[in-house]
Amino acid sequence: AEGAKTFTVAYIAPSLDISYWQWVGYGAKTKAAELGMTYIEMDSHNSPADQMTNVRTAITRGVDAIVMGPVSSTSTPPVLRLLKEKKIPIAFAGIGPQPGETDYTSAVTANNFEGGKAEGKFVCALAKERGGNKVGMLSLPQDRENAQKYLAGAKESFQADGCELVQILQTKGLTVREAVDQANDLLTAHPDVKAIYGMYDEAATGAAKALQTRGLVGKVGLATADGSPTTVKLLREGVVQGLFLQEAGGQGIEAVQQVYNALTGAAVTQSLPLPLALVTSSNVGTPEAQAKLKRVYPPSAGDY
Amino acid sequence: MVIDQRAADRPQPGKRASLVVRLTRIYRTEIAIAMAIVVLLVGISFWSPYVLTWGNLANIAQAAAPLILMSLGVFLVIATSGIDLSVGSTFSLTGMVAGLCFSAALPWPVVCLISLGVGLAVGAINGGLVTVVGLAPFVVTLITYAIGASLSFVITDGHSIAIADPNFWTLNGGEMIPGITNFVLFCALAVIALECVLRKLVVGRWVFAIGSNDKAARLLGIPVHGVRFGVYVASGVAASFASLLSLSYISNSESTAGANLMLQAIAACVIGGASLFGGTGSAIGAMLGAIMITVIQNGVNLIGINSFWQGTVTGAVILVAVLIDRATKVRS
Amino acid sequence: MVIDQRAADRPQPGKRASLVVRLTRIYRTEIAIAMAIVVLLVGISFWSPYVLTWGNLANIAQAAAPLILMSLGVFLVIATSGIDLSVGSTFSLTGMVAGLCFSAALPWPVVCLISLGVGLAVGAINGGLVTVVGLAPFVVTLITYAIGASLSFVITDGHSIAIADPNFWTLNGGEMIPGITNFVLFCALAVIALECVLRKLVVGRWVFAIGSNDKAARLLGIPVHGVRFGVYVASGVAASFASLLSLSYISNSESTAGANLMLQAIAACVIGGASLFGGTGSAIGAMLGAIMITVIQNGVNLIGINSFWQGTVTGAVILVAVLIDRATKVRS
Amino acid sequence: MSAPRETQAGTNATAFVLEAKQIEKSFGATHVLRGANLRIRRGEIHALLGGNGAGKSTLIRIISGSHRLDAGSISIDGRLDPNPNAIAVVFQELALLPHLSVAENIYLPHRKCAFARLGEAACYAEARAALALVDEELAERTLDWPVAQLDLHERQFVEIARALSSGARVLLLDEPTANLTFSETERLFGILRRLAQQGISTLLVSHRMGEIRALADVCTVLRDGRSVLDRVALSDISDEAIVEAMGQKSSAVSPPAPRGAPAASARMQIVLRSPGVSLSVASGEVLGLAGAPAGPSGVIETLIGASRPAAWQITIDGIDVRFSSPAEAIRAGVGYVSGDRAEKGILATLPILDNIVAAARVADRRILASSREATAAQTALDTLSIKASSIDALPQTVSGGTQQKLLLARWLAPAPKILVLEEPTRGVDIGTKREIYAMIRDAAAAGCVVVWWSTEFTELIAVCDRVVAFDLSGQASGVLDRDELDEVSLSRATGMAA
Ligand SMILES: Nc1ncnc2c1ncn2[C@@H]1O[C@H](COP(=O)(O)OP(=O)(O)OP(=O)(O)O)[C@@H](O)[C@H]1O
Ligand SMILES: Nc1ncnc2c1ncn2[C@@H]1O[C@H](COP(=O)(O)OP(=O)(O)OP(=O)(O)O)[C@@H](O)[C@H]1O
Ligand SMILES: [Mg+2]
Ligand SMILES: [Mg+2]
């Protein structure tokens, strides 16, 4: 785009308190720089009202495109209506728009249902390897639809493979600190649990801590979605057996690419689900896994 | 006891000061905040040319509206030396109840009435526990806050709900008086009405009387329990109405919608000159406090300050505002 | 002849009730909460046989430890009729600073000292603004809360940090006294020390005196500013220490670690019998309040109550506790 | 006894406008009123007397409807469902709304309709009229100030003005003069007499015999919740008999014990100076301060280190001292007791023990709150024969007069060299007052310099060696020696004409 106008893209995150959304931002920022776009970032603090205000502020600032991790799918219709009116392209990252909506450029998501299914299968296998069929889950708050889809997928696998999901605990604050307490309570209430399904990094980090202090490393299997330097390290140490990588950075990268395409008249893909890749202790060192990891979090966050 | 510094500039004996002088004295803090807001807007305009555009000011107003309404309710409670921590979850719960009602395809005015019942109920529970049972407001509203937040997840099993009613937006965006969008109208009406009630009606003075010295108020025959009950109900209803307004705007109800609002509403009242020990402040102050918070938020986004820095900037601006307020009070 | 009933009712002057009677009277609320906790534990054991196992009690203790320490600090502030909203973000910020220090491969005792400096600094700022400048505690600590929370993202650019130091765990999990894990030791020491200070040292009595009537306290020669400054510093340091203990346990520092702790710590104090108007309560009460909150959380998890319902259950249990407390007080 | 016959008199012109019969009231286990009677005629000024804790305030609160009665009956104009507007009360503990303006404090309580407009003009007019009755200058100056900015005696005026403007036919005044100077009291009494002529009745509670006799015609005496004297004409009964009926030693009305000279070794000389005045006080002396608050408060604040820009210079034994904080003053041996217990004295949430030893802790730079303190506190209680259920009880469980003694008890152990008293007998009954005078003399005898501000001239005259009078502008206007002390000279010097 030599000589052309510099485009500005705004990344509106549901909550930048959460590292996942920071990493989406990192990907978006990197890609924007690569494409010569100006990048700005806003935080909706999990409030749909703040999200709407942010969209309006972005329009006021004259942005050319928006990349959004919406607070929820249901919060997207009014945003889409507004942006359609203003003819501003929008790409979703992480969480897609409300089903039935069509006026958007692209939705770069992970297939949470399939991801949940895959991880459920993996966790159930971990439990069986350890001579049981009881599994526990540390979940994202179930008010998010990615969490609901993960759960639905996982339940389907557990049912199919004959595992019993004995308890689901949700962590309100999404902190490791809370997750440790919850994992401890889970293991106390259900001593026969043989594997734990972690739905996000902090949950798995907390569960790992609980396993370590109880001397249950390896005796209780553990897998998680997302992936972070901490969980990668735990994977290498064998505390975590499997990571279902969600390409946080990758979603940002693709979303920016899509709106750029829309601005420049190139082809766009409206539905762009990125696969969740399983990384295990044995394959984490492989170049493919390393390449995947690089699309999850930035180097500044920690080692791969 | 907090002595009101405001009237420290003792008037001349023999004469009652003119209305303008008196208003300037009564609304000293409010005028200071209003000026601070203007300074802030002008300051931001050095970094961002958009801040003083019509569109952006409309954005600020729209973003501030629910917070203003909530702050007014919370202010009433604070003026009686109480506190209402439950407004945030009342906001969320109201939204979820409204969402469910919309799912049941009820017409929107009916939905509004039902949903206002949420605030009414929470307020009545708060008021009842505070007055009849005599528990501390902080404890009571902490409990209703926790329960309300929890129930707003429970009733839809955590799912957010998109509002499909094509007419509901008129609550917020319609123009009952042509040329004035409803949300502006509601806020203006609420502030003016409340300020008049507080300054001009007996019951308004009772609110301050109770916050000033509730034992004395009781001895003087002021219906302390009744008024106190009333302010909690008002606060609950205001939170519910704020929620409906917000819902009407974004057509989406979310269990976490109100989570950040409680502290913001209390902060708005305090920035606006209310003391948590009661007896002082004004509805106008609470409104200006809410606007100030919104303007800071808006400015941070327009300037493009890294969102991690937002809290620092907000905190620093509020600190400067209260320091200046303090300095002018000490000087006078 | 008319017999003066009243004189007969009066205890003999010159006699003091026995120590046990006096303690029972002083710690009435605390005993009630302790019993409530026992009832709760026994109640939970009907649903979950594991609750009264040694391992689970250890879990509860471990989970409660940081909250206990924070509540003690917050209690000191509340006893002087102040409030400290900044402890949650001090907790987070301390963790992030410690994380950075560990990344710089400093030895852990040095890291601890540096990190405690965070609480010291925040407390000193709070204390300074409250005493020297004379701002309201709520406003001051709301500002430092916002700034602290923001900085805990800023300093690591939002990244959480895994602690690699293999020895740091000993801070929490070691046994300075064989047989007693450090975190238990610290909590016990802190509670006992603080309770002794509050009951047995003059400076402790001053804390209550200030909360009771700060004008009278000043006229009695009590260094009101000094003591008040001190309690904010103590609160900040307690929050930092709580953070280090938690960090030592979970070896992972994250910017949001303390987000929910502030309300919990205040709630713990209030459940434990402190009044937000100051002058009452005890360190033991604050500790029991913190334990109660943790036990409810633990019970909800063990019984397997849907987490959406947790807030409702927690709120309801606290409500029942304060209602019973209220009823016994009215009766006596 | 003529009382029963009067009750029969029923509905003629001499009927009772207020009649409270056999009132019973308990607070929990405390049986406060045990059959109290009170009957007031139209246009009568009636004194309600009794020791601290006798139940006077409780009776008034019951009549005014702020407490419910357990048994008995109250009728106004012979009707059992009294019209609350017929009664106006000045509460002992001042029911004021500190953040609201003076005008609103006077006017607002008369408005009962929640959603009526509070007419500002009417509010100011009515408040000004009422306040001007008691104090013109105050009415001109302060109508739109928040009450928090008024001095205690100004607040008392506001409270009185509220009662006067209520249009009530019966005024119940619970110790309205406790915070007033002599001349202010006189002015109030003038108003009450005028109202009496208009047929408005007044019930006056006071612990000052002199003013009771000056104003009231009839008295009722309460003792332990019973009316032991019921409608006795004051002209028919001696002070001694009244005090006896109250259950206190009749010697209480006689002047205080003769003073003893301090030991020579403990002698100390204090010089107080401000532009134009120099006062020298020695150990063993009681120096009175008389006059409106403006003057004495300057001396007091300087002496106790309460205000930084000190108006007065202090020299102790030839050395200039300047206290920058109350702590410094206390450590230098200055003790302070104020009659404004609630604001400046009592630590309400702390047990009596802490209230008593608080000063000693600062004076001795104590670190430990030792168990020896309990012994000391108990000794202090015993020495001053303070009746408290226990040193572990809260101060609110004893009567106000007893609370006042607690404040004095604070200074038994640190044994101050200078004792600064600010209306220490405010609201205290005759017997207790007498004990406080004795304590003051004892302190002086033990070598203490006592500086004592009082608005009650009679007690200054009875107890002081010398009195410094301050005029209304706060300037020292004269020093009166013991032999010159009488009410006339004090009134003249303070500009508070009798
Ligand atoms: N709310 C209450 N709870 C318990 N006891 C009370 C209460 N109110 C009053 N009392 C008790 O009733 C007694 C009478 O109190 P009251 O105030 O009527 O005395 P009083 O005659 O007005 O004394 P004073 O001359 O000191 O004003 C006191 O001993 C007091 O302890
Ligand atoms: N909960 C309570 N328990 C015990 N006594 C109480 C309680 N509440 C109030 N009181 C007492 O009731 C009385 C209230 O009456 P009031 O203050 O008018 O009289 P007083 O303080 O006894 O009089 P004075 O100041 O003339 O000595 C006080 O003695 C007060 O200590
Ligand atoms: Mg009384
Ligand atoms: Mg009294």
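Keep in mind that what you see is a predicted model, and the values were worked out from it rather than measured. Order of the sequence lines sets the chain letters (A, B, ...), proteins ahead of strands, with each chain counted from 1.
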Toward chain C, the part of B/Val270 with a non-hydrogen atom under 4.5 Å: side chain
Residue among C/Ile147, C/Leu85, C/Val313, C/Val139 with most heavy-atom pairs under 4.5 Å to chain B: C/Ile147
Atom group of B/Leu319 that falls short of 4.5 Å from chain C, counting heavy atoms: both
Note, C/Leu135 side chain near B/Leu323 side chain (heavy atom, < 4.5 Å): yes
Inter-residue atom distance B/Ile318.CD1 - C/Leu142.CG, 0.5 Å rounding: 6.0 Å
Contact leader toward chain C among B/Val140, B/Thr144, B/Val133, B/Asn306, where contacts are heavy-atom pairs under 4.5 Å: B/Val133
Ring geometry between C/Phe153 and B/Phe308 (parallel below 30°, tilted from 30 to 60°, perpendicular above 60°): parallel
From CD1 (C/Ile83) to CG (B/Leu276), nearest 0.5 Å: 9.0 Å
Interface moiety of B/Ile271 toward chain C, non-hydrogen atoms closer than 4.5 Å: neither
Side chain / backbone / both / neither for B/Ala136 at chain C, heavy atoms under 4.5 Å: neither
B/Ile143 side, atom CD1; C/Thr312 side, atom OG1 - distance, nearest 0.5 Å: 12.0 Å
C/Ile266 and B/Phe138, any side-chain heavy atoms less than 4.5 Å apart: yes
Pairs of heavy atoms under 4.5 Å with chain B: top-ranked of C/Gly315, C/Ser255, C/Ser150: C/Ser150
Atom pair CE (C/Met262) and CG (B/Leu263), whose distance is rounded to the nearest 0.5 Å: 5.0 Å
Heavy-atom check, side chain of C/Trp309 versus side chain of B/Leu151, under 4.5 Å: yes
Chain B contact via C/Asp157 - which portion, at a heavy-atom distance below 4.5 Å: both
Residues, nucleotides or ligands: over 12 heavy atoms within 6.0 Å of B/Tyr145 OH: no
Chain C interface, residue from B/Ala149, B/Ala316, B/Gly134, B/Gly148 that has the most non-hydrogen pairs under 4.5 Å: B/Gly134
